[in-house]
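Shown next, in structure tokens, is the structure this report addresses.
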Number of protein chains: 2
Amino acid sequence: MAKAEDSGAYKGSGKLRPEEMIYQEMLDAILDRRLEPGMKLVEEDLAKTFGVSRARIRATFLQLAHDKLINLVPNRGAFIAEPTINEAIEVFSARRMIEDGVARKVATSMTPERADQIRSHLAREHAAHHDGDHRAAIILSGEFHLLLARLTGNLVIEEFLERLILRSSLIIAMYESPQPVDCSHSEHDRLLDALLGGDPDVAAAEMSRHLDAIRDRLQLQRPKPGKTDFASIFGRTPRSEAS
Amino acid sequence: MAKAEDSGAYKGSGKLRPEEMIYQEMLDAILDRRLEPGMKLVEEDLAKTFGVSRARIRATFLQLAHDKLINLVPNRGAFIAEPTINEAIEVFSARRMIEDGVARKVATSMTPERADQIRSHLAREHAAHHDGDHRAAIILSGEFHLLLARLTGNLVIEEFLERLILRSSLIIAMYESPQPVDCSHSEHDRLLDALLGGDPDVAAAEMSRHLDAIRDRLQLQRPKPGKTDFASIFGRTPRSEAS
DNA sequence: GACAATAATATTGTTAACAATTTTGCGTGC
DNA sequence: GCACGCAAAATTGTTAACAATATTATTGTC
């Protein structure tokens, strides 16, 4: 999951393994809509932009394709994924199936420490919302759900949900309404109340309602393709200017 | 998911894209325990065995690692995954969380056609069991669960469960008791009855019971590492015998 | 002027060679 | 006999060049 801190704090220290750095930067760019859905990703351009070999870009593509964030077409190349409305519905349906169970488990295993963990996260969400940092708000909103998954203690669920949340972020970034009525943070407050209540049925119901609400705020609109200028998108100049 | 037909029917026609073929063969070998947990996978050996370049083996490794069927250690190489008992428990716990929901949906959306689909599959399971084809029985047992997931119509759930079932197959292959009391097929019969009943709670309860039963049949035992003779494991000779 | 065939370009797919790292084997000293 | 260190081998990581494929531009024809 992308960190919600300064987007690019890791760029400075070149010793942080480049593989994950590239994956993270492309993730950020996709979630930030600097890379728009449908956009072609040319291997050599990206390789020059990041100053690495094509092979590494290729490996990164496999990871991103696995997360359904890009589409890999044989002999044609890689394209930013364009999740359909139907896909979006399925993703949120799947999330509801899983996160209902998460809410149940968290509600029945609540401790004061865990409650504080959640409250502390909610504070960060509110801060981001107050500061008008929309991108951080989206990412923190995802991390809220991830935090709940982590509290179940089941790593399998946590990892799967991480992928699903990432995908959701892309979907939300694509389909959110122009004037984002971002009420997620208040819904998370209500979710916390339900979790503190200790009733698994109530918690699950609240979770379902929340996820349905997110889905219902989506809006059908095809984003228009833009020009592919990696240098400006990633805020850097190519390492070598070939002939 | 590995097909339960003749294991190797696809070997003959060399036109079926080699990438997936290699993935499938390694999958079969892992599930078949010809490749034992902890075994080192040397890139060049496999490349020669399959007559492809190391790059392709590397890409295949990424896929398998993503499915948690192998471990990729930087500068050290690839090793067949060794799921711990704890991991096994988490996998089946995650499956119960998801498949409870699957059972609910299938129970409430049953049609005569779907019932026939399930019955037809169960017939194949019984046949494999009757023939004493243990490997086919394991794979068909997994495909039974996958079939139910497909009937929910949610591709996201289906794909995730496919990965989880694959992982379960490795776990079962690793930890099953020496004298496998393979009662899965009869449990599937009972599951079908519950699904036909139409009561989602009953169906979910039966699914939970079934998955717990599988987990409880597991047995702690560390398999001992064997020698890595790919040529014999995959039943073929290396293409080129370098100096 | 529009369409089709063809050449030129761009891009992906693949291979082989080289560099870096780890593992193994051997010899030395204690 | 055992541990340590060094050298040799094996293995992974990386790069660059080449081949195959797809895309674009051009030319010719109707």
Side-chain angles (χ1 to χ4, degrees), chain A residues 14-23 25-26 35 38-66 69-81 225-231 233-234 238-243, chain B residues 14-23 25-26 35 38-66 69-81 225-231 233-234 238-243:
Chain A
K15 279 302 175 195
L16 248 45
R17 38 188 126 168
E19 358 179 278
E20 296 184 11
M21 192 265 279
I22 294 172
Y23 177 85
E25 280 208 46
M26 292 195 61
L35 289 175
M39 196 179 265
K40 172 84 182 288
L41 300 174
V42 179
E43 294 179 0
E44 197 170 349
D45 290 357
L46 281 168
K48 271 198 273 189
T49 300
F50 287 111
V52 299
S53 70
R54 270 179 57 212
R56 195 179 288 277
I57 297 293
R58 236 143 192 288
T60 304
F61 279 177
L62 283 179
Q63 299 292 326
L64 290 167
H66 174 263
L69 297 177
I70 68 174
N71 292 327
L72 242 38
V73 185
N75 287 325
R76 295 275 320 281
F79 304 83
I80 302 291
K227 59 223 66 174
T228 308
D229 178 9
F230 294 129
I233 283 175
F234 291 106
R239 293 276 178 92
S240 65
E241 297 287 346
S243 63
Chain B
K15 278 303 175 195
L16 247 43
R17 38 186 128 167
E19 359 179 278
E20 295 184 12
M21 192 266 278
I22 294 173
Y23 177 86
E25 279 208 48
M26 291 195 62
L35 290 175
M39 195 179 267
K40 172 84 183 289
L41 300 173
V42 178
E43 294 180 0
E44 197 170 350
D45 290 357
L46 281 168
K48 271 197 273 190
T49 300
F50 288 112
V52 299
S53 70
R54 269 179 58 212
R56 196 179 288 276
I57 298 293
R58 235 144 194 284
T60 304
F61 278 178
L62 283 180
Q63 299 292 327
L64 290 167
H66 175 263
L69 297 176
I70 68 173
N71 292 328
L72 241 39
V73 186
N75 287 325
R76 296 274 319 281
F79 304 83
I80 302 292
K227 58 224 67 171
T228 309
D229 178 10
F230 292 129
I233 283 175
F234 291 106
R239 296 272 178 95
S240 65
E241 297 286 349
S243 63

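Naming convention: chains lettered A, B, ... in sequence-line order (proteins, then strands); numbering from 1 in each chain. Just so you know, these numbers come straight off a predicted model, no measurement behind them.
Following rounding to the nearest Å, A/L72 (CG) and D/dT21 (P) show an atom-to-atom distance of 18 Å. A/R58 has its CZ atom 17 Å from the C1' atom of D/dG13, to the nearest Å. Between the CD atom of B/E44 and the P atom of C/dT15 there is a distance of 14 Å, rounded to whole Å. One interatomic measurement links the two molecules: CD1 of B/I22 to P of C/dT14, which rounds to 10 Å at whole-angstrom precision. Between the CD atom of A/E43 and the P atom of D/dA20 there is a distance of 18 Å, rounded to whole Å. Between A/R56 atom CZ and D/dT15 atom C1' the separation is 11 Å, expressed in whole Å. One can place CG of A/L62 at 10 Å from P of C/dG13, the figure rounded to the nearest angstrom. B/F50 places its CZ atom 16 Å from the P atom of C/dT14, with the value rounded to the nearest Å.
Mapping B/A78 and A/A55 onto DNA chain D by nearest heavy atom places B/A78 closer to the 5' end of the strand.
In this view, B/R54 and B/E43 satisfy the side-chain hydrogen bond (donor to acceptor under 3.5 Å, both in side chains) rule, not counting sequence neighbours. Residues that satisfy the side-chain contact (heavy atoms from CB on, under 4.5 Å) test with A/A65, not counting sequence neighbours, are A/I70, A/L72.
Residues B/L62 and A/Q63 come closest through the heavy atom pair CD2-NE2, 3.8 Å. The shortest non-hydrogen separation linking B/R56 to B/I22 is CD-CD1, 3.9 Å. The shortest non-hydrogen separation linking A/T60 to A/Y23 is CG2-CA, 4.0 Å.
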**OP:** Just do the side-chain contact (heavy atoms from CB on, under 4.5 Å) check on B/E25 and B/F50 with the steps written out, would you?
**Re:** CA-CA 10 Å; B/E25 279 208 48; B/F50 288 112; 3.8 Å; yes
Subject >> Footprint string (nucleotides 17-23 of chain C, 5' to 3'): B base within contact, S backbone only, - free, heavy atoms under 4.0 Å >> reply: ----SSS
